[in-house]
Amino acid sequence: MSSADDTGEQLAFIRETVRKARPRTWRGALPAEHLPVARVVVDKGLLHLDQFFDYAVPATMAEEALPGVRVRVRFGARVVASGRREGGELHDGFIVERRADSDYKGPLAPLAQVLSPEQVLTPALLRLCRTVADRYAGSLADVLQLAVPPRHAAAEAEPSPPPLPSPAAPEPGSWSRYPQGPDYLAALTAGHAPRAVWTALPGPTWPEEIARAVAATLAGGRGALVVLPDGKAAARVDAALTALLGPGRHTALTADLGPRERYRHWLSVSRGSVRAVIGTRAAMFAPVRDLGLVVVWSDGDGNHSDPRAPHPHVREVALLRAAEEGAGVLLGGLSVTVEAAQLLRTGWARPLAAERETVRATAPRVRTVTDLDQARDAAAQSARLPGPAWEAAREALTRGPVLVQVPRRGYVPRLACARCREPARCRHCVGPLEARSSGGVLECAWCGQSEAQWHCGECGSFRLRAQVVGARRTAEELGKAFPRVPVWTSGRDSVLPAVSGEPALVISTPGAEPVAEGGYAAALLLDGWALLGRPDLRAGEEALRLWMAAAGLVRPAGEGGTVVVVAEPTARPVQALVRWDPAGHAALELQERAQLHFPPVSRMASVTGAPHAVADLVSLIRLPEGTDVLGPVPAPGGRGEELERALLRVAPGQGAALAAALKAAQIARVALRTPDPVKVRIDPPDIG
DNA sequence: AGCACGCCGACT
DNA sequence: GTCGGCGTGCTC
């Protein structure tokens, strides 16, 4: 920039400051005549900058600088001689409001650029993001990054088609199997906001039922949002909606679309051209207009928890939206989470479940077997199949496909002595041993030292209760045992969406089970101890969810559908599976959590970092009355670095106070220049 | 977080 | 007398 320009700008600046009617700007660009101030949220995730900043709207941008548009602004400028300001980095942001004046006393910097006239940050979306940020002790900017997809200019240039008229109200269809089902749909069409915890019947009809709930909402002139845990489930609901409503009335927001398509779909929602959205996690923020219904399918699935700060959970965001936007809620799944059970217990939501008789007619027959009962067949032995499981598979393979669910290695808990079940521990530091590398060498999860010749310190046995047989080896062994039957595998990196109704063995890790045409003849749920034995508060609930997801793909008992679960028959989740009573299981778990003061009855937050930093934050924080501080203890999953974690627990109703106190303490730590960072997480997913 | 300004010790 | 320590405060 030349000095001549500088002089000119200074003169212009002085001229502008003399004129009182308009806000002053640094450089004297002529401000807009009407509403010359833009209130901006600057896209910097720093907690202590979680506030709006006012900028002057240059006259040249007056038409485009509307609320909700993306802008670029200079931020972090410094004052140099004679009170002039210079520099400042360019940052992205959104205009949240146009105003006549500012309460900021200094001169306003001008907006640097309006990036696009598209008003992407609507008032409702802004309100939601603010609520979510507060709920999770995060900054508005962090949440906005999750909620507003990156701009794609080419997608934005395309016009969105005009909205289609509302469809006719759908028939209840298979919702008639639920006593409250038809009423629920009618309430949606009538414009009410019914809230339900839906214990879905096993079988392949749930995508169509979700589609009918969406159609009922559209028929009443309102929009609907469906969030599913993965792309496979989203594709099924997508297909069901297309079958019911034809194309053009709904759109999908999933990661596999790619940035351009995804933004194009998002814009069609934001522009009001499409009123129904199905999608995965990030779709929870989709700016559906006049939202009448939020559906969350399988809310216990870990995919519903966002891995990015501040880690909002789809279910919680859905509940916040329902409250804020007056929408109905449908929290559905084959199993029921403890959080859903609590919504029922407090009366916030009503149960939407079938009669016992209907459940019995729809669910497969479930048998339990312990793994002490090994098969006689050699191949079955190699695959560690108990005798009855082996027999069930052999019989069912004459009638159709058989699903074999094998826990993933990540689920396998600590190793233990095969004879006395004493956990296998490191002889150096007493840490738990893991079979991480192949080749039978064990490693300590704490100190990393390897152990080649373990023997049990209690009984002297050399045999370990080894890790589960993985999906691949199970497939190999079963392939040998059934040479005439095709063997398919479906796992984390190669998920098989569906298989035919022909006899076949389908080996799958939990969550990757393909749908079978006409349903599986049988399912074997192997190594239940691996799911049940995890040192996690939610282990039982999670095991039941994974089992029911697999068992729900099996034909009804009346058509010969059989499930064999290899697990301790007295365990509560096993009994709930046998009785097909997920709601009862969740209610019992809830009772127990209430007694133990665990979430979701109490609200918790975790504070993780270097020991002194954690202690520091805990001492700084002004905790709500009656907060429990648990720990600090060594952080779970710590890799040598001596991180510690404290848990903070508050009584029901104090969650907002806890989040606010944590945020304030984090800000105070930044102000005090404390170097070591502390991670704060509301609703930590893994509490011992 | 950066990045400035501000007020007290050892150097040209 | 000046250079520079990092304590404190601000960012429209």
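Proteins come first, then strands; the chains are lettered A, B, ... in the order of their sequence lines, and each starts at number 1.
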Taking atom [atom2] of [N] as reference, at what distance in whole Å does atom [atom1] of [X] sit?
| X | N | atom1 | atom2 | value |
| --- | --- | --- | --- | --- |
| A/H91 | C/dT11 | NE2 | C1' | 10 Å |
| A/F53 | C/dC12 | CZ | C1' | 6 Å |
| A/D54 | C/dT11 | CG | P | 12 Å |
| A/L46 | C/dC10 | CG | C1' | 13 Å |
| A/K105 | C/dC12 | NZ | P | 15 Å |
| A/K44 | C/dC12 | NZ | P | 10 Å |
| A/H48 | C/dC12 | NE2 | P | 13 Å |
| A/E89 | C/dC12 | CD | C1' | 16 Å |

- request: Quick one: list whatever passes side chain to side chain contact (heavy atoms under 4.5 Å, CB included) with A/I682, sequence neighbours left out.
  value: A/R135, A/Y136, A/A137, A/R603, A/A605, A/A659, A/L662
Please list, pair by pair, any protein nitrogen or oxygen found under 3.5 Å from a nitrogen or oxygen in nucleotides 5-8 of chain C.
unit_1	atom_1	unit_2	atom_2	d
C/dT8	O4	A/R673	NH1	3.1

field: Listed once per pair and sorted, the side chain to side chain donor-acceptor pair (under 3.5 Å) pairs that draw on residues 654-667 of chain A, sequence neighbours left out
entry: A/D50-A/K663
message: Can you classify the ring geometry of A/H304 versus A/H313 as parallel (below 30°), tilted (30 to 60°) or perpendicular (above 60°)?
response: tilted
query: Closest approach of A/T254 and A/G279, non-hydrogen atoms and distance?
result: CG2-CA, 4.2 Å
message: Please evaluate residues A/R70 and A/D92 with respect to the criterion salt bridge (charged side-chain N to carboxylate O under 4.0 Å, His left out), reporting the C-alpha separation (whole Å), side-chain torsions for both, the decisive distance (0.1 Å), and the verdict.
response: CA-CA 7 Å; A/R70 298 179 211 254; A/D92 289 342; over 6 Å; no
- request: Using a heavy-atom cut-off of under 4.0 Å over every strand shown, decide if A/V670 touches base, sugar-phosphate, or nothing.
  value: base
task: Say whether A/S116 and A/E156, considering side chains only, have a donor N or O and an acceptor N or O under 3.5 Å apart.
output: yes
